[in-house]
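Inspection log for the structure reproduced underneath, given as C-alpha cells.
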2 protein chains.
Amino acid sequence: MAQDEPDDDIAGVRRRATIEDVAAAAGVSVATVSRAMRGLPNVAFSTRERVAEVATRLAYRADPAATRLATGRSRSVALAVPLLNSWYFSQVVSGAEAVCSAEGYDMIVMGVTGDEDRRALVDETSSIHRRVDGIIFVDIPVSSDEAELLDHHDLAVVTVGNSTDRFPSLVIDDVHVGELAVGHLISLGHTRIAVIGGQRIDPLGFHVSDSRRAGYHAALDRADIVADPALAALGNYSVCGGRDAMQTLLALDEPPTAVFAMSDEMAFGALLAAREAGIEVPDELSVVGVDDHDVSVVVDLTTVRQPVADHGARAARLLISQLEGERVGPSRDERPVELVVRRSTAPCRPARVR
Amino acid sequence: MAQDEPDDDIAGVRRRATIEDVAAAAGVSVATVSRAMRGLPNVAFSTRERVAEVATRLAYRADPAATRLATGRSRSVALAVPLLNSWYFSQVVSGAEAVCSAEGYDMIVMGVTGDEDRRALVDETSSIHRRVDGIIFVDIPVSSDEAELLDHHDLAVVTVGNSTDRFPSLVIDDVHVGELAVGHLISLGHTRIAVIGGQRIDPLGFHVSDSRRAGYHAALDRADIVADPALAALGNYSVCGGRDAMQTLLALDEPPTAVFAMSDEMAFGALLAAREAGIEVPDELSVVGVDDHDVSVVVDLTTVRQPVADHGARAARLLISQLEGERVGPSRDERPVELVVRRSTAPCRPARVR
DNA sequence: CGGTGGCCTGTAAGCGCTTTCATGGTCGTG
DNA sequence: CACGACCATGAAAGCGCTTACAGGCCACCG
C-alpha cells in the first residue's frame, strides 16, 4: 500500500490535502510550505516554485480554521445593521461586500434589532470575540463603555452614520441634510412644513433622526417660521411608516403643504397616503425625501442624495486597512450630499377648497 | 505573584479566559468543562452547575476557531447571490439572516456575479472548503459536476430559484408566474403584449427568465395569439434595465399595449420610460411586474406576488436542519404565488392618435 | 585559514478546543 | 460478599496551521 502517498484514498474518499501532504510531496518541511505559500521571505526561489507546483497539483488550500487558531486572525469582518430589508442597508451591504470579497475577507452580516441585541453583541462575554477581526456598525450608536469593550476584544471598528471619539467613522452631515431639504421647501414658499422621521432609537448616540430634525428646525428658524410641534410625525423607516405618519398629518385641522421625510421609503409612503386621500402631489403637497432610492426617479421624488453603496465600500476599505496593520485613529469622514430636485415639490399655492 | 489565577493580567491586559482557566478554577479537567458547557450527558449535576458558574464569572466563551478546528464544523453558512443591491436579494438576505442568527449560525454573504465567480467558488481547490458548513444558492444555477464537487467538499446545499436533482430546493412555478401575468393582460383584451426579462445567464440550469418567458408563450398560445419576437426585450433586473427595454419597445413601429416585466424593478423602469415618452399608464399601456416590491403599492403596480423574505427564511431553516443531522434528500418545495391586481393594468383600448 | 554573517531550512512548541479511551467509584444483584 | 454494569471524570492525542529558535551551509573578509 502506498500509504504515504499524499492523495491517498480512505474508503474511496480522497482526503483533503493538508500542509503535511504538500511538505512530504515537495520534500520539504511544513514550515517551509507555510512560508512559501504565504510569500514570506527567506525561501529559495526553486523551493517556492516546487511548493507552489505541488500545492496546485494536490489542490491544497490552508484550512481557515487552523489558520485562525494559529494566528488569531479570522480574515472575516462583521457588518452590523439595524435591519436588512430596507434599501439603505441593502446598498451598504452591497458596497461593503464587494470590497470585502475583493480583499479576501468574509463578511458576515448581523441584524442588530434592538438595544438588547447590541448589548449581547458587545457584551463582556461577547459572541463577537474571536469570530471576526473587525466590525462595521451602520447606524448603530456605540457608547463609550461599549467602545472600551470592543477595544478590549481587540476588534477593529468603523462606524457609519454616527461617529465616536474612538473609531474612524463615515458620516454625512445630517443637520445639513435637513436644512437642504427644508430650505428647498421654504424657497418654494412653503411655511407649513411637516417632518416625518424616526424616533431616537437610543439615548446614547446622537442619532440620525435627531440631526435631521435639528436641520429642519434650523432651516425654519432661519426663515423665521415657528415650528409647529403637531407637524412633527414619527414613524419607522419604511413605506408603511411614512404612510401612517402622513395619514396622521393629513388628518390635522390645518395640514401641511409640504413634508420632509427622512428617507425616500418614508417619502414613498407619504406619496401613497396622499394619493389615497385624493391629494395631488405636488399641487397640493410637496414631498422631499432622503437617499435617492433607485425608485425615486420613477416616482419623480425630490430628494437629498447620498452615495450609500459608496459608504459601505469606504467603510469596508477603512476597516480592512486597519486590519492590514495601518494604525488608524478616530476620524470623521464626512461624505457629500446633494439636493436632487424632481417633480414632487412645487411652489406653495393657496389651499384649494376640498 | 498569583500567576495561576485564571484571570491574570499580562502587562495590564486581561487575557481572555480559556477552557483551561475554567477547568482550573472549577477544579475539574478541561474535558469535563467541554462536556458541561455543551450539555453533553455524563456530567454530574453539581459539576455542571459549578462549571457554569465559573464560566460565567470568567466570561468564558469557547473560541470558535478552536472549536472549528477540532470539530470540523464552523457553525456558519454562506448565502450566494448574483447581486446584492436589488430588492429581491435583499429580502432573501433578510429572511435568511433572521433564521441563521436565531439558530446561532453566522451567515456570510457572497456576491457571485458571473460564471467565473461561481466556478471559483465551487472549484476543486475551492475557497469555500471548510469555511462554511453549508451554502444557499439563490438564483445561481448549479451544474451536476459542480454539485458533485460540493458534495465532495461535504457541504450542505440548498438552492433557491432553481432546483437540482441533488439538493433540496425552494422554487416558485415560474412558468405559472408568466401565465398568470400574461393571462391577466389577455383577459383585459390585450393582444400586443411585450415581455421584458433577463437573458439566460447560464446554459446549465433552466433559468428563471426562461421559465417566465415560457409562461408568457404558453398564455399567448392558449389565446391563439402569435408571439411577435420583436416584443421580447432583454434587460437586467433593475429599474434601468426595465427602462431601457421599454424605450426599445416604445420605439417599435407598432408598440405594445401591455408589457409583462419579470420583476417589479423592471416594471418600475417601464413605468418611467412610459412617463418620459408621455404615455399614460394604464390608459395607453398596461404594466405588470413580479415580486410585489414594497414600493409597488405606491406606484399602483399590478404584480405577481411571491413571499421573498419567506424564501430566505425557509431556505435557511432547510439548510440548518440538514446541518443538525437531519438527512435531507433532494426535494422541490414550490411556494405559492398570487396575482395582485392594481391600477397599472386596464382593459385594452383602441390606440389613440398621438 | 578561521571567523563571521546571511540565507535557507527544519524542529517543535504552541493556538484552544473535542473526543477516545482508560480508570475509579458506586450501586444493584445473584 | 463479590461481580459486573454504569456513571462521572481525567489524561492525552489529535485537528492543521504558524512561528520562535536553532542549525547548516556557503561566501566573503581579514
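Side-chain atoms are counted along with the backbone in the values below, which use heavy atoms only and exclude waters and symmetry mates. The chains referred to below are lettered A, B, ... by the order of the sequence lines, with proteins before strands, and numbering in each begins at 1.
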How many whole angstroms separate atom [atom1] of [X] from atom [atom2] of [N]?
X       : N      : atom1 : atom2 : value
A/Glu20 : C/dA12 : CD    : P     : 13 Å
B/Met37 : C/dT18 : CE    : C1'   : 14 Å
B/Asp21 : C/dC15 : CG    : P     : 11 Å
A/Asp63 : C/dG16 : CG    : C1'   : 15 Å
B/Leu40 : C/dT18 : CG    : P     : 9 Å
B/Ile19 : C/dC15 : CD1   : P     : 14 Å
B/Arg16 : C/dC17 : CZ    : C1'   : 14 Å
A/Asn42 : C/dG6  : CG    : P     : 12 Å

Quick check against the 3.5 Å criterion: does [X] have a side-chain atom that pairs as donor or acceptor with the backbone of [Y]?
X        : Y        : result
B/Glu97  : A/Leu84  : no
B/Arg38  : B/Ser34  : yes
A/Arg130 : B/Asp63  : no
A/Ser169 : A/Ser331 : yes

Identify whether any heavy atom of [X] sits under 4.0 Å from a base atom; if not, whether one sits that close to sugar-phosphate; answer base, sugar-phosphate or nothing.
X        : result
B/Arg48  : nothing
B/Phe45  : nothing
A/Ala31  : base
A/Arg130 : sugar-phosphate
A/Ser34  : base

Of the listed nucleotides [options], the one nearest the side chain of [X]:
X       : options                : answer
A/Thr32 : C/dT18, D/dT18, C/dT9  : C/dT9
B/Arg38 : C/dT19, C/dC15, C/dC17 : C/dT19
B/Thr71 : D/dG16, D/dT19, C/dT18 : C/dT18
B/Val28 : D/dG10, C/dG14, C/dG10 : D/dG10

**Report entry** Closest-nucleotide 5' rank along DNA chain C - winner of B/Val33 and A/Leu69
**Finding:**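 The 5'-side residue here is A/Leu69.
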Query - Residue mapping more 5' on DNA chain C - nearest nucleotide basis, A/Val30 or A/Thr47 - result: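 Residue closer to the 5' terminus by nearest nucleotide: A/Thr47.
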**Report entry** Option among B/Val54, B/Thr47, B/Val22, B/Val43 that satisfies the side-chain contact (heavy atoms from CB on, under 4.5 Å) test with B/Val28
**Finding:**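 Only one option passes, and that is B/Thr47.
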Query - Criterion side-chain contact (heavy atoms from CB on, under 4.5 Å) against B/Cys100, the qualifying member of B/Ile136, B/Val77, B/Leu319, B/Leu79 - result: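 Exactly one candidate clears the test, B/Val77.
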Query raised in the report: Distance check: side-chain N/O of B/Ser29 vs OP1/OP2 of D/dG10, anything under 4.0 Å?
Result: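 Result: yes.
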Query raised in the report: Where each residue is assigned the nucleotide of DNA chain D containing its nearest heavy atom, which of B/Ala70 and B/Arg50 is assigned the position nearer the 5′ end?
Result: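 It is B/Arg50 whose nearest nucleotide is closer to the 5' end.
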Query raised in the report: Between the base of C/dG10 and the side chain of A/Arg35, is there any donor-acceptor pair under 3.5 Å?
Result: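 Side chain to base: pair present.
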